[in-house]
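Chain letters run A, B, ... following the sequence lines, proteins first and then strands; every chain starts at 1.
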Amino acid sequence: MFTKEQARKLTEKALSFSTFPECEISVNSSENAFIRFALNDVTTSGFTVEQSMSISSIRDGQTGSTRVDEFDDDALREAVKRTERLALISPPNPERVPPLDPQKYPELENHADSTAAARNQAMIPHIRAIVEAARTNGLVAAGFFERAAETAAVANKQGNFGYGRVTDANLSATIRNSAGSSSGWASHPAVNIESIDGAAVAKIAVDKCLRWKEPQRLDPGKYTVVLEPTATGDLLQLLGFSMQARAAEEGRSFLSKKGGGTLVGEKLFPEFVTLRSDPFNRLYSVMPWGGGGGGFGRGGGGGSGLPAERMTWIENGVVKNLFYDRYWAAKAGQRPTPFPNHLVLEGGGKSLPDLIATVDRGLLVTRFWYIRVVNPQTAQATGLTRDGVFLIEQGKITAPVVNFRFNESPVEMLKNTVAIGQPVRVRGGEGQGMLAPPLVVKEFSFTSVSDAV
Amino acid sequence: MLTRRSFLQSGTAAALASRLFAAKEGSTTPSPELENLGAGALREAQKLKASYADIRIIRYRQQFLTVRLNPERGTGKTLEVPMVSDGGSFGFGVRVIADGAWGFAASPLVTPGEIARMTGEAVAVAQANAALRSRPLELAPVPVYRVRWQTPHERDPFEVPLEEKLNLIRSAAAEVKKEKGVFAAGCTLSFRSEDKYFASTAGSSIQQLNLQTYAQVNATAVDVKRALSKTRRYQPQQVTAGYEYVPLMNLVENAQRIREEVIEHLNAPAITPGKKDLVLLPSHLWLTIHESIGHSTELDRALGYEANFAGTSFLTTDKMGKQRVGSDIMNVWGDRTTERGLATTGYDDDGVKATKFPIIEKGIFKHYQTIRDQAHLIGEQESRGCCYADNWASVPFQRMPNVWLEPGKADTNLEDLISGVDDGILIDGDGSFSIDQQRYNFQFGGDAFWAIKGGKKQGMVSRVAYQSRTTDFWQACDLIAGPSYWQQWGAPNDGKGEPEQINSVSHGCSPARFRQVNVIQTD
């Protein structure tokens with residue numbers, strides 16, 4: 001882990017070996033601690049230290065890139081030389097963008113010392129609480145508690161320099177009965193590990209496992225669903241990949257208009273749908289630069305290197321902005337934007353029980369699993385429900401239901417949203433998660449039944 | 001924590017890595033310098049009263065070259081966009097068992113001092129967790145090896161001049177773009193090497209070199225009027241091999257084929273959903289094998305160790321030797337010795353020699369994939385050699401070996417499969433994939449689809465995916481083509497575990513036919 005001064009010295013050292021007019025560096029160092037548990041027992045656990053530097057050298061548009069994790073003078077000198085050799089062999093990149101001038105990065109550091117310092121002793125009591133809750137109920141606990149601390153810097157030969165630190169932690173638990181016929185799940189991602197409470201996570205997961213007894217089999221079809229925040233986030237976090245201006249203009253995304261042009265400015269969604277990126281939200285811990293890249297062909301790992309900023313993608317149902325990397329922005333005469341991550345789907349005032357109470361007949365979904373894109377043009381995806389599906393009748397949860405496979409697009413999901421609750425930070429089984437509210441969505445497409453528990 | 005001093009003065013690591021892993025002509029034992037470094041970890045672990053320890057010191061190298069041809073915004077002029085990168089990573093990871101629990105620690109500083117320090121960290125992790133342990137760990141016995149192994153190869157891909165590689169991918173991409181209707185074209189070549197040293201308190205000292213070679217040619221077609229686009233890929237078999245394999249990939253020749261097929265796919269009619277017979281080519285079927293058979297027969301999954309992430313398995317331990325998974329013609333092997341298999345190696349990350357074992361015999365589930373600390377859980381005396389970590393900073397655990405389907409009879413041709421289909425689909429290449437948390441319900445797309453009607457292959461169709469239940473699907477397998485059709489595609493990035501790791505694994509098979517599978521129409 002390096003301080004700002006150490007990062008500055010390190011990047012200056014690497015840049016000092018450059019003979020090209022342009023050289024870009026991004027470097028990071030991280031420490032991770034984790035404990036994995038299953039069958040009411042700890043399984044694997046570790047403490048790891050990693051560091052990595054990505055270097056790109058550019059001359060007349062010819063670019064070469066490398067990645068190293070040794071930072072002694074010889075290693076850096078050789079790495080920079082390697083990128084210059086690679087560049088000289090490579091054809092020029094016509095989609096190159098000019099190097100960044102010194103940028104003013106925002107002060108948005110959200111670093112929790114407690115997370116950065118946490119080791120097994122900080123995590124064990126929470127895991128014990130989960131295992132004990134499982135045992136008390138005659139159930140079996142599995143889960144994962146991890147924390148990460150990372151420092152990173154970006155720099156180039158034009159004098160740009162940025163530095164950032166992030167910390168994050170996540171505790172997730174799956175509670176099953178010993179017959180393997182029921183399962184419940186909960187997780188708690190947080191920047192500050194001290195806010196994570198294993199007993200609270202256990203309570204939710206145990207409760208779901210106990211309630212999901214002898215689920216009934218319903219037919220596939222379109223249902224009104226109440227998605228818990230994690231389920232919303234599981235599907236919606238994919239939408240960021242479909243917001244590219246380039247793909248939209250080229251006729252390759254759901255934002256492409258038939259005959260040419262894009263749907264930016266059009267009201268595609270209900271009025272209460274507002275989707276933003278908010279790296280400043282204190283529920284996130286992020287680097288002060290946005291992701292997104294400087295155009296295809298640019299090496300390095302620092303994304304575009306542009307300062308992080310808030311963006312509104314969908315506002316009151318209207319497609320407000322598309323993602324422009326620096327190259328496409330320059331070609332289109334637009335401002336470059338950060339990549340659509342650190343997403344927030346703005347909420348309404350209702351709680352999850354309030355939303356359930358509005359549904360005459362529907363399904364309550366805990367989360368989704370194994371979501372993969374079926375058609376990138378429409379963002380249609382397929383996946384499964386997992387760890388708790390319940391029937392809602394006349395505003396009340398009445399029965400557990402066997403899991404389903406869905407084929408649905410996050411675009412259609414938003415179009416069919418009829419009510420939104422309050423967003424919370426979520427992180428499901430895959431992906432980085434987001435700030436997502438519970439939703440009521442009509443005509444959600446479940447296409448087959450899954451026997452999986 | 002990396003101290004400031006150790007951070008700034010990490011020594012000449014680049015030179016060290018090169019020296020440690022330099023191939024000595026004719027050498028059959030590991031480098032003495034690696035053995036010294038490894039011995040330091042084992043000594044420290046034993047000093048701290050660990051009952052077991054192992055260390056992996058690994059250098060990775062990854063070279064990636066890609067070229068994309070796409071139209072310039074506004075002018076429509078074709079731009080050739082290259083990207084060339086060549087980098088790597090070097091570090092070590094130490095595993096211990098102390099006070100009956102596993103501990104692990106890793107660092108990028110490969111020095112005796114850091115190795116000793118991180119061994120101490122691993123022991124501290126294990127001892128802290130001992131309070132949570134309820135079950136004793138038991139390691140299956142393993143012979144002692146002091147040996148070197150490498151992926152058989154003739155031409156080190158990292159020695160081949162970059163110009164030669166760039167010329168190849170530029171011509172393949174250009175070949176695709178010769179078709180005017182192709183919107184964008186691309187070609188990628190990539191190489192991965194893993195120089196790995198393993199030493200354990202069991203007594204083994206093993207040095208291995210693993211080489212992987214990948215390529216891809218792709219085409220995109222767009223109909224702006226309909227706001228519709230389609231892609232088509234030529235994906236050569238992914239292999240552990242050297243550069244001698246690259247000419248066998250026939251990138252340029254296949255570029256000519258996919259530039260026609262992408263246009264045809266863009267204009268192909270949508271499938272009518274319903275039950276159909278499927279003829280699945282090896283370039284596609286590998287992924288179905290991977291998801292439905294490869295993953296369901298991982299012992300840790302079956303026992304519940306993966307419950308919090310990818311789930312469990314419908315193949316619970318009581319089903320070993322009994323459960324019918326597929327038809328009588330279905331025979332599947334777990335195998336880390338297959339020629340050019342992505343998971344092929346000399347020894348696994350427990351130090352167990354690569355082996356081969358039946359997973360499915362005549363449709364019946366036989367054996368799980370196991371590692372040293374699992375074998376006893378199902379009453380077995382030996383590990384099946386499936387231990388792997390994807391990085392020096394990752395914890396070794398049970399990963400899939402190559403899992404392959406035996407071919408059918410020698411005189412069974414692809415034509416035989418097709419001619420027996422009245423209403424069906426032929427599928428090439430992989431597309432979308434998804435399977436549930438116990439490996440029952442799956443859905444697969446593909447890269448290209450052709451209708452089969454009245455026993456004959458027709459034109460392309462589109463918007464195809466098929467959905468089935470693992471045992472229904474494999475019991476519907478009624479014919480497999482012969483050995484001359486057997487090919488081995490695979491996954492370079494199979495995900496599993498927490499923290500998540502990747503794995504490279506191959507799934508050889510011949511084309512196979514499946515009756516009356518539910519085909520859906522996608523977007």
Under 4.5 Å from a heavy atom of chain A, the part of [X] involved:
X	value
B:Arg439	side chain
B:Leu132	both
B:Ala393	both
B:Gln467	side chain
B:Val224	both
B:Ala465	neither
B:Tyr440	side chain
B:Glu291	side chain
B:Leu137	neither
B:Arg469	side chain

Measure the shortest side-chain to side-chain distance between [X] and [Y] over non-hydrogen atoms and say whether it is less than 4.5 angstrom.
X	Y	result
B:Leu16	A:Glu70	no
A:Asp451	B:Gln438	no
A:Tyr370	B:Asp436	no
A:Val49	B:Met118	yes
A:Leu39	B:Tyr305	yes
B:Val84	A:Thr63	no
A:Pro91	B:Arg170	yes
A:Ile89	B:Leu166	yes

Ignoring hydrogens and geometry, is there a side-chain-to-backbone donor-acceptor pair from [X] to [Y] under 3.5 Å?
X	Y	value
B:Asp86	A:Thr66	no
A:Gln380	B:Asp523	yes
A:Asn120	B:Ala128	no

Spacing of [X] atom [atom1] and [Y] atom [atom2] [to the nearest 0.5 Å]:
X	Y	atom1	atom2	result
B:Gln443	A:Asn407	CD	CG	4.0 Å
A:Thr48	B:Asn391	OG1	CG	9.0 Å
A:Gln51	B:Ser89	CD	OG	9.5 Å
A:Arg36	B:Phe309	CZ	CZ	8.5 Å
B:Met83	A:Leu86	CE	CG	11.5 Å
B:Ser229	A:Gln377	OG	CD	3.5 Å

Query raised in the report: Highest number of heavy-atom pairs under 4.5 Å with chain B: which of A:Gly61, A:Ala173, A:Ala149?
Result: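 Answer, by heavy-atom pair count under 4.5 Å with chain B: A:Ala173.
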Query raised in the report: Looking at A:Pro94, A:Gly46, A:Ala33, A:Ala142, which has the largest count of heavy-atom pairs under 4.5 Å with chain B?
Result: A:Pro94
Query - Within 6.0 Å of NZ in A:Lys13, more than 12 heavy atoms from elsewhere - result: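 Count not over threshold, so no.
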Among side-chain atoms of [X] and [Y], is any donor-acceptor pair under 3.5 angstrom?
X	Y	answer
A:Ser448	B:Asn441	yes
A:Glu95	B:Asn70	yes
B:Ser434	A:Arg405	yes
B:Asn308	A:Ser172	yes

Heavy-atom distance under 4.5 Å to chain B: side chain of [X], backbone, both or neither?
X	answer
A:Val42	both
A:Pro92	backbone
A:Asn32	neither

Report task. Applying ring pair (Phe, Tyr, Trp, His ring centres under 6.0 Å), name anything that partners B:Phe183, two or more places apart in sequence or on another chain. Result ->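 Testing B:Phe183 for ring pair (Phe, Tyr, Trp, His ring centres under 6.0 Å), a comparison that skips the adjacent residues, returns none.
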Report task. Please determine, among B:Asp223, B:Val222, B:Thr231, the option with the most heavy-atom pairs under 4.5 Å with chain A. Result ->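 Looking at each of B:Asp223, B:Val222, B:Thr231 in turn, B:Val222 comes out on top.
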Query raised in the report: Quick one: side-chain hydrogen bond (donor to acceptor under 3.5 Å, both in side chains) partners of A:Arg367, sequence neighbours excluded?
Result: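 If we apply the side-chain hydrogen bond (donor to acceptor under 3.5 Å, both in side chains) test to A:Arg367, skipping adjacent residues, the hits are A:Asp387.
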